[in-house]
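Report on the structure given below.
Not measured: the values here are computed from a predicted model.
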There are 2 protein chains.
Amino acid sequence: MPKATFFNLPGKKRDLITNQAVQEFARHPYEGASLSAIVSRAGIAKGSMYQYFTGKKDLYQYIIQEVYEKKREFLKPVWEEKDRLNFFELASLYYRRSWHFARKYPLHHRVTVNFWESRDIAVRDEMLHKKEVRSTEFLEMLEAGLLSGVISRSADKDAVWFVYHAVAKALIDNFLDPGVNPESHEAYINSVLTVLELGLRPRKEQ
Amino acid sequence: MPKATFFNLPGKKRDLITNQAVQEFARHPYEGASLSAIVSRAGIAKGSMYQYFTGKKDLYQYIIQEVYEKKREFLKPVWEEKDRLNFFELASLYYRRSWHFARKYPLHHRVTVNFWESRDIAVRDEMLHKKEVRSTEFLEMLEAGLLSGVISRSADKDAVWFVYHAVAKALIDNFLDPGVNPESHEAYINSVLTVLELGLRPRKEQ
DNA sequence: CCTCCATATGACCACCCGGTCACATTCCGG
DNA sequence: CCGGAATGTGACCGGGTGGTCATATGGAGG
């Protein structure tokens, strides 16, 4: 969505602008982010920004796209294990790697969190699109789990999806909580997933 | 936190201001809510608002307090069943009644949703305080469930709390999704809770 | 009736926002 | 070296914000 001019820019300058924009959208959700702050920190004129993008929304959509591309790339190794691991193992791997992403690229992580909490209409449709992208692989995983019998066949598929989605969101929200102990956090993710796996009602067989 | 002047106001006028503020904070999260819009819709002068409250934040805190008081009152009947119902029955009752609250007072519901999604610092401490308030009764419920053995003793208590909290948030977020069928929604809440109760791994005993 | 104090008012302030545009600068092919 | 196209610039615009304050209004007690 950026104009051609943006891609004609020398790489350094383009990266600087991109990075400053990521930083701003990490600090504030779309509505609260300030274009003026971005251009000022990037050391360019306001008018220049409008040579590169048609407006604030355009810039935001570009940044969102870049950030998700990066995350998708980072998560690729998880899906390559798809055939070797069962649903529960894969889910654990998925969340642990998402956590690594959040630690390695905290700004990008913050951008995604701000993004899916945004209630802006201009952003919502794009959001739905992205959510589909995000969930496709996970949904496949779930289907396979149900088919193979690793997941109880009596479970309501919609409800399972809902629960996992909710817990995923909460887990990821908390990925960067200050005061979290890196060593224990992986174990914590697994504890949470175990609750989902076994359920709260005691099991007779163990 | 409002000034004494506010409580000297005739009841009608006080209610009008309160209602318009609730409406605005239902439409927009704190940062995006407009004081000018509130006073304009309430038909009072901007200066008058500053006779009643010390500022926007003060007004917001008052509204939040009122809204949560209303919700707490509405949920009271649930906790009176505490001794008659087990953990799972109580949880079901709790969410179904929360949903009734959302249907009956959609604006107040929206205010709560905006509130706990807010990332404003001025609001965060207050929020933590409120969350404690909200969770106290639920945490008690959970403790009792663990003690009585209705909940598996092998479950990690923190993880259980985390999962329930996450699902609660997601359920409540979706309470007012347009296009939701009121009759089926209660059943859906129960489906979701059943997933938590039984877990995803198949059970041998059934 | 007059005084005094609480209350009501809206013009006004400084500041911010996203966006525009006439003009300056840079670059490159002829 | 020139001329035209591409790019860079920041003052400026209209409109919004939360907050202030001198002034006007009202009502209760002496």
Q | Listed partners of A:K76 passing side-chain contact (heavy atoms from CB on, under 4.5 Å), at least two apart | A |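 A:K76: side-chain contact (heavy atoms from CB on, under 4.5 Å) contacts with A:E73, A:E80.
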(Q) Taking side-chain contact (heavy atoms from CB on, under 4.5 Å) as the definition, give me every residue that meets it alongside A:A187, ordered by chain and number, with sequence neighbours left out. (A)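 Once residues adjacent in sequence are excluded, A:A187 has no partner under the side-chain contact (heavy atoms from CB on, under 4.5 Å) criterion.
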**Q.** Spacing between A:K56 atom NZ and C:dC16 atom P, to the nearest angstrom
**A.**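 Atom NZ in A:K56 sits about 15 Å away from atom P in C:dC16.
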(Q) List the residues meeting salt bridge (charged side-chain N to carboxylate O under 4.0 Å, His left out) with A:E66, not counting sequence neighbours, and say none if there are none. (A)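 None.
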(Q) Just to be sure I understand the rule, does B:A37 reach a base, reach only the sugar-phosphate, or reach nothing, if contact means heavy atoms closer than 4.0 Å? (A)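 Nothing, no heavy atom under 4.0 Å.
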Q | Positional range of nucleotides in DNA chain D within the contact set of chain A, heavy-atom, under 4.0 Å | A |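 From 5' to 3', the first and last contacting nucleotides are D:dT7 to D:dG10.
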Q: Report yes or no: is the cationic atom of B:K157 (NZ for Lys, CZ for Arg) closer than 6.0 Å to the six-membered ring centre of B:F162, at no more than 45° off its axis?
A: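 Negative - B:K157 is either too far from the ring of B:F162 or too far off its axis.
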Q. Does A:R84 pair with A:E89 as a salt bridge, N-O distance under 4.0 Å?
A.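 Between A:E89 and A:R84 there is no salt bridge, as every charged N stays at least 4.0 Å from the carboxylate O atoms.
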Q: Just jot down the ring pair (Phe, Tyr, Trp, His ring centres under 6.0 Å) partners of A:Y164, sequence neighbours excluded, or say none.
A: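 With sequence neighbours excluded, A:Y164 shows a ring pair (Phe, Tyr, Trp, His ring centres under 6.0 Å) to A:F87, A:F138, given in chain and number order.
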Q: Establish, yes or no, whether a centroid distance under 6.0 Å links the rings of A:F53 and A:Y60.
A: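 No: the rings miss the under 6.0 Å criterion.
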Q.
We want to know whether A:R96 and A:S92 form a side-chain donor-acceptor pair, criterion being a heavy-atom distance below 3.5 angstrom.
A.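 The answer is yes; a qualifying pair exists.
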Q: Let me have a per-nucleotide readout for nucleotides 3-10 of chain C, 5' to 3', with B, S or -, counting only protein heavy atoms under 4.0 Å.
A: ----SBBB
